[in-house]
Structure formats: C-alpha cells, structure tokens
**Student:** 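Quick one: this structure, given as structure tokens, is what I'll be asking you about.
Below, chains carry the letters A, B, ... as their sequence lines are ordered, and counting in each starts from 1. The structure presented is a predicted model; accordingly, all values stated were derived computationally and were not measured.
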Amino acid sequence: MALILDEEQQLLKDSAKAFLSENFPVSALRAMRDSGNDHMPELWAQMSEMGWPGMVVPDAYSGLEFGYVGAGVVLEEMGRTLALSPFLSSAVVSATLITKLGNEQQKEALLPSIASGELTAVLAADESGHYNLDEVATEAKASDGGFAISGSKRGVIDGHHADVLLVVCKNDSGSGVFAIPSDSDGISIETRLIVDSQRAADITFTDVFVGADALLGELGGADEALDFTLDVAAACSSAEMLGIAIESFERTVGYLKEREQFGSKIGTFQGLQHRAAQLFAEIEVTKSAVLSALQALDADSEKRSVLASMAKAKCSKVVRNATEEAVQMHGGIGMTDEFDIGFFMKRAAVCRQAYGDYHFHADRFATLRGY
Amino acid sequence: MALILDEEQQLLKDSAKAFLSENFPVSALRAMRDSGNDHMPELWAQMSEMGWPGMVVPDAYSGLEFGYVGAGVVLEEMGRTLALSPFLSSAVVSATLITKLGNEQQKEALLPSIASGELTAVLAADESGHYNLDEVATEAKASDGGFAISGSKRGVIDGHHADVLLVVCKNDSGSGVFAIPSDSDGISIETRLIVDSQRAADITFTDVFVGADALLGELGGADEALDFTLDVAAACSSAEMLGIAIESFERTVGYLKEREQFGSKIGTFQGLQHRAAQLFAEIEVTKSAVLSALQALDADSEKRSVLASMAKAKCSKVVRNATEEAVQMHGGIGMTDEFDIGFFMKRAAVCRQAYGDYHFHADRFATLRGY
Amino acid sequence: MENLDQFRAETREWLEANCPEDMRQPMRSDEDQCWGGRKWVFQSEGQQLWLERMATKGWTAPRWPAEYGGGGLSGGEAKVLKEEMSRIGARRPLNSFGLDMLGPALLLYATEEQKQQYIPDIINGRIRWCQGYSEPNSGSDLASLRTKAEDMGDHYLINGSKVWTSYADKADWIFCLVRTDFDCPKHEGISFMLFDMASEGVSTKPIKLISGSSPFCETFFDNVKVPKGNLVGTLNKGWEIAKYLLTHEREMIGGFGLAGGGLKPLGQLAASTRGTQDGRLRDTSLRAEAISFELDEMAFGLTIERITDETKAGQGTGASSSILKMYGTELNKLRMELMMAIGGTDSLNFESDRTGALVKSWLRSKANSIEGGTTEVQLNIIAKRILGLPA
Amino acid sequence: MENLDQFRAETREWLEANCPEDMRQPMRSDEDQCWGGRKWVFQSEGQQLWLERMATKGWTAPRWPAEYGGGGLSGGEAKVLKEEMSRIGARRPLNSFGLDMLGPALLLYATEEQKQQYIPDIINGRIRWCQGYSEPNSGSDLASLRTKAEDMGDHYLINGSKVWTSYADKADWIFCLVRTDFDCPKHEGISFMLFDMASEGVSTKPIKLISGSSPFCETFFDNVKVPKGNLVGTLNKGWEIAKYLLTHEREMIGGFGLAGGGLKPLGQLAASTRGTQDGRLRDTSLRAEAISFELDEMAFGLTIERITDETKAGQGTGASSSILKMYGTELNKLRMELMMAIGGTDSLNFESDRTGALVKSWLRSKANSIEGGTTEVQLNIIAKRILGLPA
C-alpha cells in the first residue's frame, strides 16, 4: 500500500479542515472554557450530522466503514483547532472494542447508535494513572445469573458524559469487558478539571449488578481485543498530537517572520532557524510514523502494534518539543493566557498521557521488537 | 572543603601543563604512531624523574602522598596533549589497589618501585569488555601452599608493558587479587592495536602457579578495595576526559574565529555560536563534577562512589559531544589524518570505555541513589 | 580565623527562643511566603513576630552593613546563621525584591542619603518593591526600551509602560529603567529611577498566565512626576546598574534548578511512586531519563558551589551568571517534565486546590527560560563575551 | 495494469541461470564491491561474468532508456527485478558514480551526441567516474569555487584544484565544476565539464582519513586541455546541474541511516550481545537509547517510503533531499555510537584485519554529516527555502 492518503481520505481531510477551522477554531475552546463548560455539544451534533461518529463502524451496523486512516485525518485536524468531542473515546476506541469483542446482539444494540452519535461510550480501563492494565483490580463476581462489578477507574476523559461505560474487569481467568449504562445503580462519578479545560472522571463501582448480556465476549477472553484497541487508541491519539505539533509549529514559524527584536525579524537568527528546521524535519518524520500506524490498523498488519507504539512514542516526544519550542520562541507573550499558543501545550500534555505515555509505549515497542 | 584547587594543586597543574605542552604535545603522539610504537617511554622516564608516579603513594612507601586531586590535574593536562603513559594504570589505579589491599610486606615490595616509576603494575580485572566484575571467571585453585591461576583477561591497556599484573580472581568465597609478575610461566599475552594508537592486551593464564604471598589481602575479601579502586579509576579517567574535552573545545573555538565560509568567519553564525556556548556550559558543569569526585576520594567521603560514577557518566557524554562537535565544526579537514583534531575523538573513545562506560556508571549511580 | 563556635551557640539559642513554632513548619505552597510592604496582611501572629524579630537584628539582610540596619555579619557568620536556621527548619522571614535585587545595587550605586532613605525599609519589610524593566516591544532586546523621563526642571515626568512587572499590583515602590536621552546609541540614554507606585498617573493591570495565576502586571505611567533626587547613579548611565541587577536576577532564577530545597530526589520519588524490580525503577525508560537528569542536576549543584568558592577565592570567571541562568532553568523545566511523567494522568489535574499544583508548576516552569533574559540571550552572551566569537 | 507476473517469472529464471554462485554471497566488506573502469581488476570470474551479463541486458541501469543500453524497465518491473535479486541475495553488479550521479544528469542535460558517447560506458562499467566539486577553500560554500576554465578557441584550459574527490586515483574520467566567468555573482559563472583523468596536467594525491583509509583525493589541474564538446549544458549555467546532482547525492548519503540493508536491528543485536533479564535488555540505560534510536530509525525509513510514494503520485514537497540527508546521516552516526557501546572495549580494535572494521566505520560515519553538504547547510536550506524564514 502506498504511504500516502488516497483520494477519498484526502477529501475527508480537506473537508474536516475546512469545517473545523471555520466553525470550531481555537477561539471556540476558549469560549467554552470561559463559560465554565468542559465539552462542546454543538460540535458533536454537527459531526454527527456529517456521519463522522460512524467512521470506523462497519457498514452492517450503519457505519461509514471508512477506516482508521479516515479517523486519523479527522483527529489530526481536530488537533489543529483543539476541538473537543467524544470522537476518539466513543466513535473510535469504544466502537473498535465493541466491534472486536461484542456478539451480534450487542453490536446491533450499540454500534448503530454510536455511529449516529446519539449514544456515546467510553473505555474505563486504567486504574494506575499509567494505562497499566496488569494492575486492573476491578472485579466481576458471578451473581444471580449476571455479575456484580466492584472497583474503581481513574482519570476517564469524557467519563461523565458517556452513556455507556466499557469497564475492564479482571478475575482468575483473565480480562473481561462489560458494557454498563453509566446511570446504573452503584456507580458514582467524581470529576476533576484537567489542564486542557476538559474534565476527567474517577468512577467507582460498588456491587453494580449487570446481566450476563453486558459481558462483551467471554470472561477472560478480552486481552486480544484490548490489545487491538490499544493500538487503535495509540495510533489515533498520535494523529491528534501530530495535528497539535503541526499547528503549533506553523504558528511559531509565522511569529518568527513577524516579531522584531534587536532591529531584525527574529526569524533571521540562525540559532532559531536551525531549531525550526530541525523541528520541521522531526514533524515530517512523524507524519510517516502516524500514517503507517493508521494504515497498519486498516490492513490489520502483523506490524500493527509495533507501529502503533512507535507512533505514540514518537509523537509524544515531537509534540512536546513542538509545543515547548512554540512557547519559548514566542517568549513572554507565549506564557500569557490571552495568547492561544499555550492551549496547544496544555492539550498536548493530555494527549501525551492518554492511553500510555512515552515510557509506556517505548517499553512496549522494545518488548515487541524482542529486547 | 572549598571546591577549588588549593595553591599546591594549582602549582602542580600549571607545571604539568607547561611540561606536557612543551615536551609532549600532540605531535609527540603522532610521531610515536608514525614510527610504529605504542607507548612513550621517554615521557615516563621524565615523569618518573619528577616523582609523579608516586602521586598517590603514601609517604611511608616513598610516595608523594599528594592525593587524587593531584593525580586528576596531571591527567587533565595529559588529556589536553594526549600524552601516553602508565600513570593512570600503574601509578594511580594499581598503587591504590595495593595500598588498600596489600599487607605490609607486599606494600614494601611494590609501592616504592611503583612510586619511583621503575616498576609498573596494571589491573587485569575485566573479562566481559564492559567492566563487569560479576562475570569474572578466572579461578585461583589452592595448590602446593600457593595457588594455580587459570582464566583470561580482555582488553588490558598497558598490559604488555607492565611488570606486574594485578589479577582479579573469583571463587566461592568471593573476589581475590593476585600480584603476578607478567613474565611468569603460563601467562600468554596477545596484543591488538586500538584506535588511539595504544595496544590492548588479551592475557591468558594457564595454571600459573603463584605463592601464597602473591595474594593481596584475603581470598574473597577484595570487593571493598576493588570498589574504591573503581571509584579512583572512574574519577581519574574522568579528569583525563575533561582535559580532552577542554582542549578539543578550545581548538574548535579557535577554528571558528579563523575559518571563513560564505564571506564570513564561521564563528559569526549563530547556529554554531549557540552550540559552542552550550558546550562551554556543559564543560563548566563537568569541571565541578570531576573536581568534586577527586576531592571525595581524598576525603574518603561516603559520597565517593556516587560522585565518581556521576563524573564518569557525565564526562563520557560531554567528551563525546565535545569531540563530535570539534570534528563537525572543523568540517572535512577535521576528518583528515593530517589534522590533529581526530586524535582527540579517538582517545576519547578509549577513555569512555575504560573502567565502565556511560551506561555502566549511569546504572551504578542510580543503584547507589536507591533506584 | 574568627571564632564561629561562640556565634553558633548564641545564634542557636536566640533562634530557639525567638522563632515562632509555625515559622518552623515547611511551607505548604508559595502562598505561605511573607512579602511585607504597606499592604501586607500577616497570615499569622507568628509570621509578624518572626519578621519583626529578625529585622530588628538585621538578619533579614545578614551581610548588609549594620549602619543601615543590616546584620553586619561576616561570610562565615552568615553561613552559620543559614545553617542554624535550616537546622530548625526556620522559614525565610522576608521574601523581597528589595533584598534580592534592589538593595545590593543601592549599596553599590546610591548616594549616602538614598541608602539612609531606602535600605532600612527594605530590611524591615515596610516597603515592597517591584522591578520596571521589560516593555511590550522590548523583550529580549531590553535596551530598546521607550518609557520616557523628561527633565522638567524640578522633577522628571514619566510616560510609557512596562510589562512583566512582578507583583506590581502589590508593590509600594518601583525601581525602573527609563529613557532620558533618545539621541544616542540605545544603551547610553537609559537612567535608573525609583518612585512610589501610589504616585498619580501610575496604574497596573495583572496579566493572566497559562497557569491561571497572575504574578505579573502591565504597568502604565501617565505623566508621573518623580522628584529629581530619585535618580540613582549618573543620568544616562542606568544601563550599568541594570546589567548588575540582571546578573543577580539570573543567578536567582538559575538556582531554581537545584534539588537543595528539601525536594525529594527525583529518582527516589519515581521509585517510590512507580515501583521497583530487583531494586531498579521498574520503568526502565523513565529510569534512564531520571539518571540523565540527576547527573546534570548534581553536577549543576556542584557548579554553583564551585563558582561560589571561586568567587570567595577571588577567581571568578565572569561567566557564571549566564551559565547558571541557562543551565538551571533548562534543568528545572526537565525536572517538571519528569514529575509529570511520574505522576501520570493524575498530574493533569488543574483544580484550584492543591491537586492542581503540579501541572501549574509545570506550566510555570516554561517561563524560566524566558524571564530574566531568555536562554537564547544567555547563549549569545556566552558566545560573544566569554568565548569571544565574532559578531 | 501491466502484467508483472510474467516478467517476474522470466526474471527469476534468468537470474537463476545467470547469477554466479559467488555473486549470491553476502559481501564481507566494502572491498567486495565491483566498481569497473579501465583499471579494474576483477576479483573473480564470477564478478566479471555477473557484470557482463547484467550490463548486456541493461540491468545495471534498469530504468534507463534502452536506446543508450539501459534496461528500459517500467517502475513496476524495476521493483520486481530488485525483489528477485534480493530474493537470491544477488549482489549489485556495478557500483558507480556514473550510475548513481552523472548518468541521471546526462539524461536530463546532455546533448544526444554526449548521451551516445558516455552513457553506454557507464552502463557496462567500462569507464569509472569521479566527481570534481569541492575545493580547498570552498567547503560548505561550494559555489565559491575558483578552478578556472579559459576559453582558448578550440579548447578550454583548466587550472586549479579539487579536494574530497572520491576515488580520483582510481577513476578514468571526472565530471567537474569549473568557473568560466569571474565577473558575475558566484552562482552564475560556473560550468559543468567532463574530461579524461589521463589528460596531461591531471594529478591526484590521496587524503588519509582518521579511519586510516584514503577514499578521497586532492586533484590538481595544471594547464589541462579539454575539448569544447565536453561542456555539458549551457556555458555558465552549470550550477543548475550541480544542484540537481547534489540533491541526488544527499538522498544517497541520507539513505545510509536505514536499517534495510540486511543489518540486524540494533536492539536485538544489543540483547543478543549483552544479555536480557525478564526478556528485557539487561543494560536498561542502553535499552532506552536503543529504543530512542529505533523509533527514529523506523520513522525515518517510513519517511523515505512516504516521500518515494508522494513523488510517484506527483505530490513531492521539494523538501525531501535536505531532510533525508540531515536526518539520515545523524541517525547513522547515532547507530555507530550505539554499536560501539554494544561492543564494549573490543570495539576499540583498530587492526587492519576485520576486527578493526567497527571502529573504522564509526570514525567514517562522522563524515556523513559533513560530506555532500553539511548538516548546517541542510538546516539553512530547510529554514530558508522551505520554511521561508527571512535572510
């Protein structure tokens, strides 16, 4: 497969770019924050109208079946304007997990409404703060022909807005995932504001009773699907970081061409020129990393996990570098709330931690490569 | 203790600098190499006349008892001119080990002649190529009231010139060190040219019989002394690397002020200016690391090992950076044998590996710091 | 050799008797610092007592001359005082730009009358000072400043504005760089003036930062009258004082990178938070970064020590402030990045309570390499002034 | 869609029948490469047969037009040929600056007569070429070259010298940049000429490198007569051809950074050499560096792929050669550093036998970021031409 976007993917990217930059530029995030809100329901409504929540959902369940490269280009453009939506958490990550793990009945019940955007689901997996699923302690005890779920999940972004929680539990036979309505008895949710003006939810499950039909797949049989889902989450969140890096970089290069100090445009200083050039090269290299990881998901290639972790690790580094350089090269003004560039650094911090940080994916990459 | 040289130490440094730069500049190394030699006996003879081989040897054994800061400043100046001698291997490392581990009789027998420069000793410890003493397999079997030594040592610099080998052996009770004349029966030595024009020796011991008096200290009781000796070797080899880094840097800055390209001195280019400034700061920071490690040896401070490994790790990084930048900033001419700057990169490569490389000391540092 | 043992004994006894209990507790956040000044509201009786007692002895400024109210201590005595305060965990009684920045400059450049007028109030914390340096269009290029002071015969008339004025909204007086000559090279027409922030025509507007806090202000001067006696040093030669002060500031900011201040060593923090395996931090990639950081941090700490010792021994290289500023601030940024990695997703909390402190400090740290002369400016200084590379 | 299956079958059969057994063995070192030319001594009958057979089919230059002796293959066919050669481990039959550098430029800029004259001898390896670009005082500033070609009516008279001429002592002909006009901006008076290294007045002197080998020469021209027909392209417009060629060269050098060529992945090499614990490389600090390297290496390899695919699809950005050169060579230097760390003290061997190969390659790698346009020059190109930053 050629490592470029095909015509349809390019069209999708162009239209996402146009739609987001016109309707939900960075000022929309600022307005949301200043009004005390933590999400953008209007954006989600419009994305739903365009069918985007069905991006990776199979045609058979009313999805677009457009694939992960499609999801990635949308996320890249969302990264550029810092648009907030449950696209990644529900339409991409949760839809993937349900598709991989659910039985026919469960898919029928959930996927069409996820694809339409009416229903949102979110993966509640991590308890460690470091996406370490080995440390999952949430239990599902067989009870009355169903299960009683107890435990707690930490830092679930979009967790308090989601209709359905996909809860990873562990027992002796391994991991299992339950799809649980978020308003079920025994669920308590506490949220906290995080640095990019979203909220993360800490969710406690106290003997939450669910029927046997809430279990996706088998108890103990979720590992492979969770692994695929992690690849999806890593690659797609990389695409968002790529967008953040590109946009921060372009704004910074623009500033270098405008700002004067010592009687010259600061962009004439070779010290800054070389750093900008180096960053440009890093971003170009990162583009290839992200696209290859997304394509590998669509092809279900055996290199999928290596590429996904490579992309997440590489993007985490590069987006850190890009947003740091952006603030540094903007100087004092870059530190002010009034100026937008700081928003990119904040969102980048959240994306870098989501679904495993640099160190997590660096370790996974090496382990997969045999060292 | 103030983190500066005292008057005596400063005098020693000044005189070492004057002596080496006048009598054994880099051209002496080139001449040695071009004549097919691998060491500089004339330098050693002159150093011996000045008493330097006794730098760390106690007064009681006819040494100067000047301490490790003194040894360090001499090595720093040796690094600047790339002078080759058994000063580090014999006068510093071996003298330290014998002082720490030997009994009165052994010290009497060895230290005065080491201090006078008549006799040279060398530590033959590593077998792994990575200074991993856990992997020592050389055995000492009790035999006829003495021991039979069998095994092999790898990459011993100065090994084929030394009169006495300090051989680290292992048996069930732990490590022991034997002082063995290098011309003993059963010892075979093969040498190989290494990158800085010295030779390293691979030494094989086949049932080499030694009397009980060859054992320094107790069989199994050498670990503490070996640890101290490693600290000495690390800190003092750091001083040599510091000298290499400083000299490479100064030559490079000089070249930046001379060389013209695109109609300007290349030193006017901010890209190079900033890298030079960064390197200067790194070297300043490294100076403090080295001096503190040397002082800690003289004070036998409890921070000794942390500081020694810190210095070795830091110097290895900085000397790599300094010599790489030196070649890069010199451009094509820096790659030619005719020009001296490449010699610094070559010697640095040897020092970086000697007595444990960056990774070895990074790990040791972290382990000592409790992680 | 002075006899420090007796001084140590007396100091220990005095501190024991005079340092209030609550001033021996570790500060929970920056909010616990005492800044003094006309508008200051003491947070506890202990805070007030501690300031008054220390100021009376001159120990808020231990090495300043006793004739202006300073402690008049020798270097050795000051070190003993520091050690004894640290022994009981005593807080610094007064945090102040007057102490850290203006005072040393006044002692060097001011007239006797000015010293008498300003220094005692710095020492006893009655006047809180702010610094008027940067302007909206003169960031790194500080000397291009445009705030104007016109000689009106009996006073100067000041018009213009400053930016990045730390705590201007809370300060009583300002030390300020103004342009007194426009018809000369930019470094040569600058003067150093002091004036009351309560003067007519002075206004301030806090700048909200990305961390959500507002430690800095924009400050506006609209026909502010300043008495002629408030000029420090020679007219049009203020740049010399400015440079002296910048050097001080750089060393202060650079010092942020140090572990010293009771922070838990980073590698140990990582190990206790993230767990170990066979005695090594389990996350090997994080371990490698922590090592690299700690090597630099330790070597940097030793460098501060070495430079201090060299200065004492009269061997100063002159290079120190730019190196310390550049290296220390980059190190501090790295420390904050590693702290975030250790914290994981919990570290993203932005709540205004304590849980948001880490991410706010992380954001705040990004300014370290900008304020007080950017890293790029320090590199220029090293390249040109120290290495002598051609312009 | 062309039918590649049949081509593949035929190619496989032909290779099977025609590739000598010893040309299917991995090369033990650079010495096993075949460079051709008048002075070439084949190292084996197989090497000679393999070159002759491949050259006869035009497959030393698979994509060049058949009319000049090239293979005339389509992109798809050339890829199949490559795959099939790689399948049986067939060596490249001919290594040549004629194939990699001069030829593509001639196809674009030379006259029909020149193509007829030079290209067949490149394809069949009868003439070995070298490149005369750099001069002693024009390193990164290539266009400042001073080697002079005077128009003497029926010929040019060349005087001057070149440096860093790869294998000039072994080459038959040179493609050379000369100055034909001194009275104009430096880029505008340069011409591109070809001449025989056996001409009177040409002499070479090998340059010994820090690795001990001498792949480069200084080359001197003392009243060398060059026929007028040996000018390629327009007089004084040689800089355009030079730039085209430099772009090619950069991509070639940048490609060094790739793992592709049968090298064992670095992390695995480290693990097998240094040992593992719980499946992880035991040396955790080395592991972290190997990971960081492999992440970049993999992303870089994918970038070469992406840029190739973009070029095929007509989406080239123009940025590619500088990025590849810069990134690839820095990566290769890093790889060699890590190889040295993996090897430990054994890696320091400098013997002229095989054991010294690693340290020599390590030393050699340091030139990667200098030759063919330094890393600094590539960064300047990216900053100015691609990012449009002001001069």
**Student:** I'd like to check B/Asp363 versus D/Asp283 (side-chain heavy atoms, cut-off strictly below 4.5 Å). Are they in contact?
**Tutor:** no

**Student:** Taking only residues two or more places apart in sequence or in another chain, which ones pass side chain to side chain contact (heavy atoms under 4.5 Å, CB included) with D/Glu289?
**Tutor:** B/Tyr358, B/His359, D/Leu338

**Student:** Taking C-beta and beyond as the side chain, do B/Asp196 and D/Leu348 meet within less than 4.5 Å on heavy atoms?
**Tutor:** no

**Student:** Considering only heavy atoms from C-beta outward, does the side chain of D/Lys360 approach that of B/Val195 to under 4.5 Å?
**Tutor:** no

**Student:** Going by residue number, which parts of residues 314-326 of chain B are within reach of chain D, meaning a heavy-atom gap below 4.5 Å?
**Tutor:** B/Arg320, B/Glu324

**Student:** Which bit of B/Ile333 comes within less than 4.5 Å of chain D, counting heavy atoms only: side chain, backbone, both or neither?
**Tutor:** backbone

**Student:** Does the side chain of D/Asn137 come within less than 4.5 Å of B/Arg259's, by heavy atoms?
**Tutor:** yes

**Student:** Kindly check if the number of other-residue, nucleotide or ligand heavy atoms within 6.0 Å of CZ (D/Arg146) is above 12?
**Tutor:** no

**Student:** Just checking B/Glu190: does its CD atom have more than 12 heavy atoms from other residues, nucleotides or ligands closer to it than 6.0 angstrom?
**Tutor:** no

**Student:** Quick one: closest heavy-atom pair of B/Thr336 and D/Ile207, and the distance?
**Tutor:** CG2-CG2, 3.5 Å

**Student:** If every non-hydrogen atom of B/Gln353 is compared with every non-hydrogen atom of D/Met340, which pair is closest and at what distance?
**Tutor:** NE2-O, 3.1 Å

**Student:** Using a 4.5 angstrom heavy-atom cutoff, name the option from D/Gly343, D/Ser144, D/Ala341 with the most pairs to chain B.
**Tutor:** D/Ala341

**Student:** State, with a plain yes or no, whether a side-chain heavy atom of B/Gln198 is found less than 4.5 Å away from one of D/Phe350.
**Tutor:** no

**Student:** Under a 4.5 Å cut-off applied to non-hydrogen side-chain atoms, are D/Lys333 and B/Gln328 in contact?
**Tutor:** yes

**Student:** How far apart are the closest heavy atoms of D/Leu363 and B/Met335, and which atoms are they?
**Tutor:** O-CE, 3.3 Å

**Student:** So for B/Ala200, is it side chain, backbone, both, or neither that comes closer than 4.5 Å to the heavy atoms of chain D?
**Tutor:** neither

**Student:** Taking 4.5 Å as the heavy-atom cut-off, does anything in residues 128-136 of chain B contact chain D, and if so which residues?
**Tutor:** B/Gly129, B/His130

**Student:** Going by the rule ring-ring contact (aromatic ring centres under 6.0 Å, His included), which residues pair with D/Trp164 if we only count those two or more places apart in sequence or in a different chain?
**Tutor:** D/Phe216

